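Beneath this line is the structure, given in C-alpha cells, with notes to follow.
Order of the sequence lines sets the chain letters (A, B, ...), proteins ahead of strands, with each chain counted from 1. Computation of the quantities below employed the complete heavy-atom set of this structure, encompassing side-chain atoms and omitting hydrogens, waters and symmetry-equivalent molecules. As the structure is a computational prediction, the values presented were derived from the model and not from experiment.
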Number of protein chains: 4
Amino acid sequence: MTTSATPSRRLTARGEERRAQIIEFATARFAADGYHATSVADIVNGLGVGKGVFYWYFDSKEQLFLEILKDAQRDLRRTQQRATAGVDDPIRRIALGVRAGVVWTVGHGELRRLVDFARTEATFAAAVRAGQRVLTRDAMAQLQEAMDTGRIPVGDGRALASGLLGVTTTMTDALVEEGRVDAGTIADLVTDFCLRGIGADPV
Amino acid sequence: MTTSATPSRRLTARGEERRAQIIEFATARFAADGYHATSVADIVNGLGVGKGVFYWYFDSKEQLFLEILKDAQRDLRRTQQRATAGVDDPIRRIALGVRAGVVWTVGHGELRRLVDFARTEATFAAAVRAGQRVLTRDAMAQLQEAMDTGRIPVGDGRALASGLLGVTTTMTDALVEEGRVDAGTIADLVTDFCLRGIGADPV
Amino acid sequence: MTTSATPSRRLTARGEERRAQIIEFATARFAADGYHATSVADIVNGLGVGKGVFYWYFDSKEQLFLEILKDAQRDLRRTQQRATAGVDDPIRRIALGVRAGVVWTVGHGELRRLVDFARTEATFAAAVRAGQRVLTRDAMAQLQEAMDTGRIPVGDGRALASGLLGVTTTMTDALVEEGRVDAGTIADLVTDFCLRGIGADPV
Amino acid sequence: MTTSATPSRRLTARGEERRAQIIEFATARFAADGYHATSVADIVNGLGVGKGVFYWYFDSKEQLFLEILKDAQRDLRRTQQRATAGVDDPIRRIALGVRAGVVWTVGHGELRRLVDFARTEATFAAAVRAGQRVLTRDAMAQLQEAMDTGRIPVGDGRALASGLLGVTTTMTDALVEEGRVDAGTIADLVTDFCLRGIGADPV
DNA sequence: AATGAATGAGGATTCATTCAT
DNA sequence: TATGAATGAATCCTCATTCAT
C-alpha cells in the first residue's frame, strides 16, 4: 500500500515485495535507534542484500523516510475515518475517532516515534505539520458540528482539537510505556479525559 | 542557571560566561536545525571561537545536549513548584501548575523541541523518560490529594497525570504554531480542558 | 598470507588483493615512520585510493596493526617450524631454529620494528607478550630435550630461551644496521654465540 | 642530575625540584602508557599544575622525552663504568659490566621501555642509536682486550658486543616479566650465558 | 613562575551515494 | 536487478602549543 513509487520505475511483483520489505525493516530500525543512528548500510546488511538494492528502490534515505512518514499519517487517518464512518452523532464520532487513534497508536508505537523525530528536523518538519493539520482539521469539523448542535459548549475549535490530539498521544504513550498493553482500557481512559475536556458528558 | 560543570574543572568567571554562552547558542541551533544538523563546527564558528574551546567546556556534543536537557527539565519543574508553593487547594495547585507549564512552554519552545527529539534517539531517550517521570510524579501527588479530598472522582492517577502533560504540551504547541502568542489566553484554554478532563469544575 | 578477514565480510578476489596491498603498504610505512606518525590518510593517499577503502577492509587503524603483528609472529614461527621439521638432534634443531630466526629477521627488519614498538604501547603490549610466549615455549621445549638427553648442562630453561631470543634479535639488528647484509654470516655469528651460551659445543 | 637545562634558563632550587618532578612523573607515564598515549595535559593534570609550567621548563614534549632518554643512557653507562673501575681482568670487567647492566635494568624497567619505543620512531631513532653505539663501543673495548690477551677466542667484536647487549636486556626483561625479581639470580643467569657466548669460561 | 583559556591543524572514523561488473 | 567496491566530504574529537593575566 505504498505511495508513488519514487525512482519512477515499474516494479515487478517481486520488486514490490522487496520494496515493502525495505520499508518495514527501515521503519523498525528508525524507530528503535533513531533516523540518524540507522545507516543505509545497517538497513541493507540487516536485510542481507547489497547496497545497490536500496538505491534501486529509493532515491535517498531521506526520501524513504518521508515515504514512511506519509504512509503512517495516511494510515492513521484512514483508520479513524473507517471507525467513524456512518455514525451520526458528532460526540460518538469524536469518541470513536479518539478510540481509533489510541488503538492505532498502541499498535504502531514505532511510527509515533518517527513522527516525533521528524518534527525536530528542519528537513521533515514541514511534512509533519502538513499531516498534523489534516488530522486537526478532521477533528475540528466534528467539534464544530458538536458545538452547532449544542452537544458541547461553544469554544475554540482549534484548541480543543489539539487537546484531543495531545491527550491521545501522550496518555497512550505514557500508559504503554508503563506496561499497560490493553488497548481497550487505555482507550477508555483517554476517551473519558477527552470527552470531559471538550465539555461533553462521558458516555 | 547551569548545572555541575562537566569536565570537572574549576572555571573562572570568564570561563563560566563562555560556558553559558555556548549552551545558549547551541540550544538555539539544536532547536532550529536539529541536533544532528548542528555540528560542533557550526557552534564554534557561530561563536567565533576555536574548536578547542568547545571541548574545554564539554566532554562531547552528546554531553552538552544532555546537560541542556536536564537543565530544561529542572527549570520547568522549578517554575511549576514556585507557582504552586503555598497554595492549599489541590485543584488550584493543579491549575496553577498547568498554567505555569503553559507559560514556560510558550517561553521555551526551543527546549520543547529538544525534548521531543531526545525522545527519539536511543542515546537520549532514557534521560527524557527520567525527567518525564519526575513531572508525572509531581502531578500524581496533587491528583491523589484531590481524589482523597473528594474534589475529583477517584480514577487512574497516572493516566490523568499524563493527560495533563499531553494537553499542556500539545495544545500549547498547536496554538503557538498557529500564531497565538498570548500565554494567558493559551493558558486559559489549556487549564479549562485539563480541569474538565480530570473531572473538576473549571473555575 | 593474511588471517581472518576482519570486518567479517566476504571478499572477492579483487578485494583480497586490495586488502593485501593495504597491509603491505601500511607495514612499510609503520616500520619506516612509526605507527603514530603514519596516518590513515598517508596510507590511502600513498595507495591512491579514497579514505573509505581503508575502512571497508579494516575496522580501525589499530585493528590493522594488530593483524600485521599477528601475521608477523605467526610467519616467523612457521618459518622456524619448517626449518626444524624432521630433525632429530635437539641441538641441531636449536641451531636451525636460530638460523631461521636470523634469516627471517634479516628479511623482515620492518616487522621487527613493529614488534618493538608494539611492546611499548599499552594497547598492543598484551598481543606482543602472547606471541613472545609462544616463541619462548617452542625454544624451551627444545632446550628441555637437550638437557634431558645430556646434550647441554641442566639449567633454567626459560632463561636460556629468552637468551636465544635476545641474541638472535639484537645481534642481527646490530649487524644489519652496521651494513652487513649477508644473512649467512650473521647467522653463523649468532648461532655460535647461542650454542656456546646454552653450553653446547658450537658445530 | 639533569642535562643541559633546555629553555636556557637559570632555575632556582625550587625550580630544579619542579623540573625533576616533571621528569619523574612523565617518565612513569610514558613507560606505563606510551609516549603518544601520554599527553602534556595528562602530565600537568597529574601533577596538579597549570599548563604553563610544563612549557616553562621544557621547550616541547619531544625535548622532554629526548632528555629522559639521554639521562637514562648516561646513567646506565655510568653505572657500568663505576662497577668495572679499577678491575684489571678484562673477563671480570665484562662480567661485572653485564651484572651492572642487569641490575640497572631490573631497577629501571620503565626506562628500558622508553628506549624500546624511541627506537621505533624516526624522530628518536637517531638518539637511541647514538647511545647504543657508545655502549657497544665500551663492550668492544673490553672484548678486544680479552682477545688480545688470549682470554677468549678471536672473533667479531661488534657481533659479540651486541650479543652481550641482547642477552642482557631480553633475558632480564623475560625473567622480570615472569615475576623473578631477584636481581642477583637474574644476573647470574645472564652472566653465565654471556661469558659462555663469548667463549670464556663462566666463573 | 604560574594559571586558565584559547587556538587550530591534524587525525580517526562515518556514511550517503555512485559505479563497474 | 543485484553486488561488492569505492568515493570523499563531513564530523567528532585530540592535543601540542601559545597567550593574556
Side-chain angles (χ1 to χ4, degrees), chain A residues 9 11-12 14-15 18 36-44 48-64, chain B residues 9-19 36-45 47-62, chain C residues 9-19 36-45 47-62 64, chain D residues 9 11-12 14-15 18-19 36-44 48-64:
Chain A
R9 220 193 285 289
L11 296 179
T12 65
R14 188 183 160 213
R18 233 318 105 98
H36 288 286
T38 302
S39 68
V40 172
D42 286 340
I43 296 171
V44 295
V49 300
K51 220 164 244 187
V53 168
F54 184 93
Y55 289 93
W56 179 261
Y57 293 104
F58 301 95
D59 279 339
S60 67
K61 187 185 167 189
E62 190 178 320
Q63 183 240 319
L64 161 64
Chain B
R9 214 194 290 288
R10 296 279 169 75
L11 296 180
T12 63
R14 187 187 172 202
E16 286 288 3
E17 225 171 284
R18 224 335 93 95
R19 193 166 186 283
H36 288 286
T38 303
S39 69
V40 173
D42 287 340
I43 295 171
V44 295
N45 289 341
L47 247 28
V49 299
K51 202 164 289 186
V53 167
F54 184 94
Y55 291 95
W56 177 259
Y57 294 101
F58 302 95
D59 281 338
S60 65
K61 186 183 165 189
E62 188 179 322
Chain C
R9 215 196 288 290
R10 297 278 170 75
L11 296 179
T12 62
R14 187 187 172 201
E16 287 289 3
E17 226 170 284
R18 214 353 82 95
R19 195 167 185 282
H36 289 286
T38 303
S39 68
V40 172
D42 286 339
I43 295 171
V44 295
N45 289 342
L47 247 27
V49 300
K51 203 163 288 190
V53 167
F54 184 93
Y55 291 94
W56 178 259
Y57 293 101
F58 302 96
D59 280 339
S60 65
K61 188 184 164 188
E62 188 179 321
L64 162 64
Chain D
R9 221 194 284 288
L11 296 178
T12 65
R14 188 182 162 215
R18 223 338 91 100
R19 197 166 184 284
H36 288 287
T38 303
S39 68
V40 172
D42 286 340
I43 295 171
V44 296
V49 301
K51 218 164 248 189
V53 168
F54 184 93
Y55 288 93
W56 180 261
Y57 293 104
F58 301 95
D59 279 339
S60 67
K61 188 185 167 188
E62 190 179 319
Q63 183 240 319
L64 161 64

[X] side, atom [atom1]; [Y] side, atom [atom2] - distance, nearest 0.5 Å:
| X | Y | atom1 | atom2 | value |
| --- | --- | --- | --- | --- |
| D:Ser39 | D:Ile43 | OG | CD1 | 7.0 Å |
| C:Glu16 | C:Tyr57 | CD | OH | 8.5 Å |
| C:Glu17 | C:Thr12 | CD | OG1 | 9.0 Å |

Sugar-phosphate only, base, or nothing, as touched by C:Gly15 at under 4.0 Å among non-hydrogen atoms: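 Here C:Gly15 touches the backbone only, sparing every base.
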
How long is the line joining [atom1] of [X] and [atom2] of [N], in whole Å?
| X | N | atom1 | atom2 | value |
| --- | --- | --- | --- | --- |
| C:Glu17 | F:dA6 | CD | C1' | 15 Å |
| C:Leu47 | F:dA5 | CG | P | 15 Å |
| B:Arg19 | E:dA6 | CZ | P | 13 Å |
| C:Phe58 | E:dT14 | CZ | P | 15 Å |
| D:Phe54 | F:dA16 | CZ | P | 8 Å |
| D:Gln63 | F:dT17 | CD | C1' | 14 Å |
| A:Ile43 | F:dA2 | CD1 | P | 16 Å |
| D:His36 | E:dG11 | NE2 | P | 11 Å |

Comparing C:Ser60 and C:Arg14 on DNA chain E - which has the more 5′ nearest nucleotide: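 Here C:Ser60 is the residue nearer the 5' end.
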
Along DNA chain E (nearest heavy atom to each residue), the more 5'-positioned of A:Asp42 and B:Gly48: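 Of the two residues, B:Gly48 wins.
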
Phosphate-side-chain proximity, B:Tyr55 and F:dT14, N/O vs OP1/OP2 below 4.0 Å: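 For F:dT14, OP1/OP2 do not have a side-chain N/O of B:Tyr55 under 4.0 Å.
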
C:Arg18 side chain near F:dA6 phosphate (N/O to OP1/OP2, under 4.0 Å):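 So the side-chain polar atoms of C:Arg18 do come within 4.0 Å of the phosphate oxygens OP1 or OP2 of F:dA6, strictly under.
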
D:Arg18 and D:Val49, any side-chain heavy atoms less than 4.5 Å apart: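 Yes, close enough: below the 4.5 Å cut-off.
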
Nearest to the side chain of [X] - [options]?
| X | options | value |
| --- | --- | --- |
| C:Val40 | E:dT13, E:dT17, F:dT7 | E:dT13 |
| B:Ser39 | E:dA5, F:dT11, F:dG4 | F:dT11 |
| C:Val53 | E:dA5, F:dA6, F:dA2 | F:dA6 |
| C:Tyr57 | E:dT3, F:dA5, F:dC13 | F:dA5 |
| C:Trp56 | E:dG4, F:dA5, E:dT3 | F:dA5 |
| B:Lys61 | F:dA6, F:dC13, F:dT3 | F:dC13 |
| C:Thr12 | F:dA5, F:dT1, F:dA6 | F:dA5 |

Base E:dT17 to side chain A:Lys51, donor-acceptor N/O within 3.5 Å cut-off: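 Such a pair exists between side chain and base.
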
B:Glu62 vs C:Gly50, nearer the 5' end of DNA chain F by closest nucleotide: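 Its nearest nucleotide lies further toward 5', so the answer is C:Gly50.
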
Could you identify the nucleotide paired to [N], looking across every strand shown and requiring Watson-Crick or G-U wobble geometry with both distances under 3.5 Å?
| N | result |
| --- | --- |
| E:dA1 | none |
| E:dT21 | F:dA2 |
| E:dG10 | F:dC13 |

Flag, side chain of A:Lys51 to backbone of A:Val40, donor-acceptor distance under 3.5 Å: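 Not a single qualifying donor-acceptor pair exists.
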
For the student: nearest non-hydrogen atoms of C:His36 and D:His36, plus distance: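 Reported closest heavy-atom pair: CD2-CD2, 2.9 Å.
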
Pairwise C1' distance for E:dA1 and F:dT21, with rounding to whole Å: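 Pairwise C1' distance, E:dA1 against F:dT21, rounds to 13 Å.
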
